[in-house]
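In what follows, residues are counted from 1 in the order of the sequence shown.
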Amino acid sequence: METISENRCFGGVQGVYRHPSHATGCDMTFGLFLPAEAALHPVPLLWYLSGLTCTHENAMTKAGLQAHAAAHGLAVVFPDTSPRGESVADDAAYDLGQGAGFYVNATQDPWAPHFRMWDYISDELPRVLFNNFALEEDRQAITGHSMGGHGALTLAMRVKGRFASASAFAPIANPTGSDWGRKQFTAYLGPDEGAWADHDATLLMQADGFDGELLIDQGASDQFLHLLRPETLAQAMAAKRQAGSFRMQAGYDHSYFFVSSFAGEHVAFHAQALAR
């Protein structure tokens, strides 16, 4: 593993690291904030999954999570959103290819050789983190924005028992229910819709729900509401009697101004769950 940078940050360290990935077949980069307590003992870990077009850097520099995490003694990891490199397939569209991994294991060409983000986030990157940093493996929580909110919710519901809590900012809530989401799932996973259900937060909520507590924030003035389909997830949570909250935030859009406005509440929510 290569250290790209390490900077003092709110009493801790904000680092950026690169390592070869077996899952994606290329080098992967991630950011990791470690609070001051990590110099003394392992600390709980909050995952932040980013959205379309993002790298590890967007949330690391725009979401303002470090100050809140430092106040609660939490580490935060910022993975990349897809494999990258000259040998990695890409597309001219912003919602497919590099920067748009959708946290799935692609089965279709030309994506299958590298786009195995499910394996990378659920298995390989955790092993890299816990083998190299002072982190508590049995105390994890997860959040994300947009495509990353989709990833955070699907991971939380499918990887049972790993995350004490899960939250999302404006998640892609029901990709199988829109022509837009069906476009990406067909490209990555093929035409068999049975393979799509494992990557749809609304369908997973209807089937099993989450064994912890959820916090969902959605901007009521989000320009992508028709693509995100938040109402389907809210209805599924209510029908499932899911513990947690779904909040429509008046006037907020899809930007990092929205994310940073509520980041402190999300970190506090996760800190409380991890303390229990």
Backbone of Arg8 reached by a side-chain donor or acceptor of Gln14 within 3.5 Å: no
Where Ser146 and His254 come nearest, the two heavy atoms and their spacing: OG-NE2, 2.9 Å
Asp138, CG: over 12 other non-hydrogen atoms inside 6.0 angstrom: yes
ILVMFWY cluster, Leu214 and Leu203 together (side-chain gap under 4.5 Å): no
Between Thr24 and His114: side-chain donor-acceptor atoms closer than 3.5 Å: no
Note, Leu189 side chain near Gln184 side chain (heavy atom, < 4.5 Å): no
Side chain to side chain donor-acceptor pair (under 3.5 Å) contacts in which one or both residues fall within residues 203-215, not counting sequence neighbours: none
Euclidean distance, Arg139 CZ relative to His270 NE2, rounded to 0.5 Å: 14.0 Å
Nearest heavy atoms of Pro230 and Ala173, plus distance in Å: CA-CB, 4.1 Å
Derivation and outcome, side chain to side chain contact (heavy atoms under 4.5 Å, CB included), residues Asn105 and Met117: CA-CA 6 Å; Asn105 284 341; Met117 288 301 292; 5.8 Å; no
Joint hydrophobic cluster, Ile216 plus Val267, side-chain heavy atoms closer than 4.5 Å: no
Aromatic plane relationship, Tyr94 with Trp180 - under 30° parallel, 30 to 60° tilted, over 60° perpendicular: parallel
Backbone N/O of Ser21 and side chain of Asp27: donor-acceptor pair under 3.5 Å: no
Close side-chain approach of Phe133 and Tyr17, heavy atoms under 4.5 Å: yes
Interatomic distance, Glu6 atom CD to Cys9 atom SG [nearest 0.5 angstrom]: 12.0 Å
Side-chain donor or acceptor of Ser255 paired with backbone N/O of Phe257 under 3.5 Å: yes
Asn174 side chain vs Thr202 backbone, donor-acceptor pair below 3.5 Å: no
Steps toward side chain to side chain contact (heavy atoms under 4.5 Å, CB included) verdict (Glu265, Arg247): CA-CA 12 Å; Glu265 294 180 37; Arg247 311 188 303 190; 2.8 Å; yes
Co-membership, hydrophobic cluster, residues Leu125 and Val159, 4.5 Å side-chain: yes
Heavy-atom pair of closest approach, residues Pro110 and Pro113: O-CD, 3.4 Å
Atom CD of Gln272: over 12 foreign heavy atoms under 6.0 Å: no
Lys/Arg-Asp/Glu bridge criterion (N-O < 4.0 Å) met for Glu57, Lys62: no
Heavy-atom check, side chain of Met205 versus side chain of Leu153, under 4.5 Å: no
Pair Arg84 + Asp80, salt bridge at N-O below 4.0 Å: yes
Flag for Gln218-Tyr252: side-chain donor and acceptor within less than 3.5 Å: no
Parallel, tilted or perpendicular: rings of Phe185 and Phe102 (30°, 60°): perpendicular
Salt bridge Glu137-Arg127, side-chain N to carboxylate O under 4.0 Å: no
Value rounded to 0.5 Å, distance of CG in Leu155 from CZ in Arg162: 8.0 Å
Full working for side chain to side chain contact (heavy atoms under 4.5 Å, CB included) between Ile172 and Leu227: CA-CA 7 Å; Ile172 299 174; Leu227 304 177; over 6 Å; no
Close side-chain approach of Ile121 and Tyr103, heavy atoms under 4.5 Å: yes
Test item: Thr154 and Asp198 side chains (from C-beta on) under 4.5 Å apart, heavy atoms: no
Gap separating the NZ atom of Lys240 from the CG atom of Leu233, nearest 0.5 angstrom: 13.0 Å
Geometric class of the Phe169/His266 ring pair [parallel <30°, tilted 30-60°, perpendicular >60°]: parallel
Donor-acceptor pair, side chain of Glu124 and main chain of Ala23, under 3.5 angstrom: yes
Exam field: side chain Asn58 to backbone Thr55, donor-acceptor pair closer than 3.5 Å: yes
Under 3.5 Å donor-acceptor, Arg158 side chain and Leu204 backbone: no
Backbone N/O of Thr176 and side chain of Asp200: donor-acceptor pair under 3.5 Å: yes
Shared hydrophobic cluster for Phe262 and Leu225 (ILVMFWY, side-chain gaps under 4.5 Å): no
Side chains of Tyr188 and His199 in contact at under 4.5 Å (non-hydrogen atoms): no
From CA spacing to verdict: ring-ring contact (aromatic ring centres under 6.0 Å, His included), His72, Phe10: CA-CA 12 Å; His72 294 282; Phe10 293 102; over 10 Å; no
Intermediate values then yes/no, side chain to side chain contact (heavy atoms under 4.5 Å, CB included), Asp95 and Lys183: CA-CA 9 Å; Asp95 55 0; Lys183 165 195 167 182; 2.9 Å; yes
Flag side-chain contact, heavy atom, 4.5 Å: Thr107 against Phe115: no
Nearest non-hydrogen partners of Gly99 and Ser82, listed with the distance: N-OG, 2.7 Å
Reported CE-to-CZ distance for the pair Met237 and Phe246, which is rounded to 0.5 angstrom: 7.5 Å
Mind listing the side-chain donor-acceptor pairs of residues 32-54 below 3.5 Å, one per line with the distance, residues two or more places apart or on another chain?
residue: Trp47; atom: NE1; partner: Gln140; partner atom: OE1; Å: 2.9
residue: Tyr48; atom: OH; partner: Tyr256; partner atom: OH; Å: 3.4

Shortest non-hydrogen separation from Leu129 to Phe30 and the atoms involved: CD2-CE1, 3.6 Å
Gln223 and Asp253: side chain donor to acceptor below 3.5 Å: no
Nearest heavy atoms of Gly149 and Ala168, plus distance in Å: CA-CB, 3.9 Å
Trp196 side chain vs Gly190 backbone, donor-acceptor pair below 3.5 Å: yes
ILVMFWY cluster, Phe258 and Leu65 together (side-chain gap under 4.5 Å): yes
Side chains of Met28 and Cys26 in contact at under 4.5 Å (non-hydrogen atoms): yes
